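See structure below.
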Amino acid sequence: MKAVQYRSVGAAPEVVTVARPEPGPGQVLLKVTAAGVCHSDIAVMSWPAEAIPFPLPLTLGHEGAGTVAALGEGVTGLSVGDSVAVYGPWGCGSCLMCAQGKENYCLRAAELGIRPPGLGAPGALAEYLLVDDPRHLVPLGDLDPVTAVPLTDAGLTPYHAIKTALPKLTPGSTAVVIGTGGLGHVAIQLLRALTPARVVALDVTDEKLELARQVGAHETVRSDAQAAAKVRELTGGTGAQAVFDFVGAPPTVTTATACAAVEAEISIVGIGGGAASVGFGTVPYDAAVRSPYWGSRSELIEVLDLARSGAIDVHVETYTLDEAPEVYARLHDGRINGRAVILPHA
Ligand code: NAD
Ligand code: ZN
Ligand code: ZN
C-alpha cells in the first residue's frame, strides 16, 4: 500500500510503498477515508536526531478516520464497514489517567513505548491504518469523515483547552485566539458554540483573518508587537479573560501574557518554542498559564457530538496521498487555510 513517510532526519516526507498491515489479536484494521495534516509534524521534522523519541522511517498522520476493513481475533462491538474516527493519544488503558479517559496524560505510555499513530506508531497518511485497540475508535455515523477527521486533533485539542477555561468565559468576557489555522479556526467556533465571550482573533495574513471572521470571530487583529495593546484597547483596558495561543512562538507567548486580564487562563497550545515567564509581576495577578496536550476520549465524543449538532464547520482543503509532501511544504509556509485533509483512496 502507499504511505507517506518521514524517512530520514531533516529530509522532506516521501510517498513510498509498504506492506499492508494485518490486524493481530485485539487490533482493528481501517481503510483510511481521510487523514488531517497537523503543524506538529512540521515541528517533529525540524527536530535533531537525538530529540526524536521513535525510530524512522515513520508513517505520518495523527488525525485519522476510516472504515473498518478487518477485525483481529477477539474484537467485538465493531463490524466491517463501520465508519470511525481514531482517538490518537493512545495510552496504557489502565493507569489512573487512562481510567478517566485521559489517555493523553497516560502515566505509563512513555515507559511502555506506546506512541500515537503518526507520532511513533505507523500513522494515517496511508491506505490502511492499524489500530491497537477498539477503544481508540469513535463511531462517526452520518458525519462526513472528510470534515470530521480534523476534529480528532484540530478540534479535540482546542476543545480540551477551552473546557478548562469555561468558568472564566462569562457574559462580558473576552477570549483571544492567536493563530487561526487548523486548530485556531476550530477554536473560534468552539468558543462561539460554548461561551458568550467576545472572540478576538490574531494572525499574520489577511486571508487567515478573513477565515477567522467567517467562522465567527467578533474582532480580528494583526499579530504584531502592537497586538496586545490593541486587545487591551478593545477590552477597555482590562485584557482578555482567556487567551489561547495556537502558535506558541516567543513573540506570541509575549502577546498572550501581555493581553491577559487578572485571573486569566492563558493556554499555550502551539509548540513554537516560546516560554512564558511566570512570577509575581510578570503575569497579571492570579493568571494561570497552561501547556495542554491533545484531549481525553470523552472530549472527542463531545466534539463529534457538537459537530453533529451543526455547530462546527471545519474549513478543509482536500488532497491525494501523492500530494502530501507538497501539502507539508504549503503548511510550513502558511499556505493552507483551515485544515488540509488527505484522501488516500481518491
Ligand atoms: P497551522 O499551520 O494550521 O496554523 C497556525 C496558524 O498560526 C497559521 O494560520 C499561521 O498564519 C499563524 N501564525 C504564524 N505565526 C503567527 C504569529 N506570529 N502570530 C499569529 N499567528 C501566527 O497549525 P495547526 O496545525 O493549527 O497547529 C497550531 C500549533 O499547535 C502548532 O504549533 C502545532 O504544533 C500545535 N499543536 C499542539 C497540540 C497540543 O496538544 N499542544 C496539538 C496539535 C497542534
Ligand atoms: Zn497534531
Ligand atoms: Zn495509562
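Fair warning: this is a prediction, and the values are worked out from it, not measured in the lab.
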Under a 4.5 Å side-chain heavy-atom rule over Ile, Leu, Val, Met, Phe, Trp and Tyr, are [X] and [Y] clustered together?
X: Leu211; Y: Ile178; answer: no
X: Val146; Y: Leu300; answer: yes
X: Ile52; Y: Tyr293; answer: yes
X: Ile301; Y: Ile312; answer: yes
X: Ile162; Y: Val289; answer: no

Would a 4.5 Å heavy-atom cut-off, applied to side chains only, mark [X] and [Y] as touching?
X: Thr235; Y: Gln241; result: no
X: Val44; Y: Leu119; result: yes
X: His136; Y: Pro117; result: no
X: Val243; Y: Ser267; result: no
X: Lys2; Y: Thr320; result: no

Holding to salt bridge (Lys or Arg N to Asp or Glu O under 4.0 Å), I want the full list of residues that pass it with [X], two or more places apart in sequence or in another chain.
X: Arg330; result: none
X: Arg335; result: Asp333
X: Asp224; result: none
X: Glu111; result: Arg108

[atom1]/[X]: more than 12 non-hydrogen atoms of other groups inside 6.0 Å:
X: Glu326; atom1: CD; value: yes
X: Lys208; atom1: NZ; value: yes
X: Glu317; atom1: CD; value: yes
X: Lys168; atom1: NZ; value: yes

Under the 3.5 angstrom rule, does the side chain of [X] hit a backbone N or O of [Y] as a donor-acceptor pair?
X: Thr195; Y: Ala197; result: yes
X: Trp47; Y: Gly10; result: no
X: Arg7; Y: Pro57; result: no
X: Glu103; Y: Ser296; result: no
X: Thr33; Y: Ala65; result: yes
X: Arg297; Y: Gln100; result: no
X: Tyr328; Y: Val37; result: no

Kindly give the heavy-atom pair with the smallest separation between [X] and [Y], and that separation in Å.
X: Ile271; Y: Ser40; result: CD1-OG, 4.0 Å
X: Pro292; Y: Ile268; result: CD-O, 3.7 Å
X: Arg339; Y: Cys38; result: NH2-CB, 3.2 Å
X: Pro13; Y: Val4; result: CB-CG1, 4.1 Å
X: Ala154; Y: Val186; result: O-CB, 3.5 Å
X: Thr282; Y: Ser277; result: OG1-O, 2.8 Å

Q | Criterion side-chain contact (heavy atoms from CB on, under 4.5 Å) on Val84 and Thr67, from CA distance to verdict | A | CA-CA 6 Å; Val84 293; Thr67 52; over 6 Å; no
Q: Enumerate the residue pairs fulfilling ring pair (Phe, Tyr, Trp, His ring centres under 6.0 Å) with a member in residues 214-273, sequence neighbours excluded, ordered by first and then second residue.
A: none
Spacing of [X] atom [atom1] and [Y] atom [atom2] [to the nearest 0.5 Å]:
X: Leu125; Y: Leu321; atom1: CG; atom2: CG; answer: 6.5 Å
X: Arg20; Y: Leu129; atom1: CZ; atom2: CG; answer: 12.5 Å
X: Leu56; Y: Tyr6; atom1: CG; atom2: OH; answer: 6.0 Å
X: Asp41; Y: Leu58; atom1: CG; atom2: CG; answer: 8.0 Å
X: Arg213; Y: Ile188; atom1: CZ; atom2: CD1; answer: 10.5 Å
X: Leu191; Y: Thr174; atom1: CG; atom2: OG1; answer: 11.0 Å

(Q) Which residue is it: Leu71, Leu30, Leu29, Val28? I am looking for the one with a side chain to side chain contact (heavy atoms under 4.5 Å, CB included) to Pro23. (A) Leu29
Compute whether any side-chain donor of one residue and acceptor of the other, for [X] and [Y], lie under 3.5 angstrom apart.
X: Asp203; Y: Ser223; result: no
X: Thr59; Y: Gln5; result: yes
X: Glu302; Y: Tyr159; result: yes

Q) Going by an N to O cut-off under 4.0 Å, is there a salt bridge joining Asp142 and Arg308? A) no
Q. Is Glu299 paired with Lys102 through a side-chain N to carboxylate O contact shorter than 4.0 Å?
A. no
Q.
Please determine whether side-chain contact (heavy atoms from CB on, under 4.5 Å) holds for the pair Val131 and Gln27, giving the CA-CA distance in whole Å, both sets of side-chain angles, and the decisive distance to 0.1 Å.
A. CA-CA 6 Å; Val131 176; Gln27 295 183 316; over 6 Å; no
Q. Would Val231 and Leu202 satisfy side-chain contact (heavy atoms from CB on, under 4.5 Å), going step by step from the backbone distance to the final call?
A. CA-CA 10 Å; Val231 172; Leu202 276 59; 4.3 Å; yes
(Q) Test side-chain contact (heavy atoms from CB on, under 4.5 Å) on Leu234 and Arg198; report intermediate values, then the result. (A) CA-CA 10 Å; Leu234 288 169; Arg198 184 154 66 130; 4.1 Å; yes
Q.
Taking the ring centre of each residue, are Trp90 and His62 less than 6.0 Å apart?
A. no
Q) Would you call the rings of His185 and His315 parallel, tilted or perpendicular if under 30° counts as parallel and over 60° as perpendicular? A) perpendicular
Q. Got a sec, which residues hit side-chain contact (heavy atoms from CB on, under 4.5 Å) with His345, two or more places apart in sequence or on another chain?
A. Lys31, Glu127, Tyr128
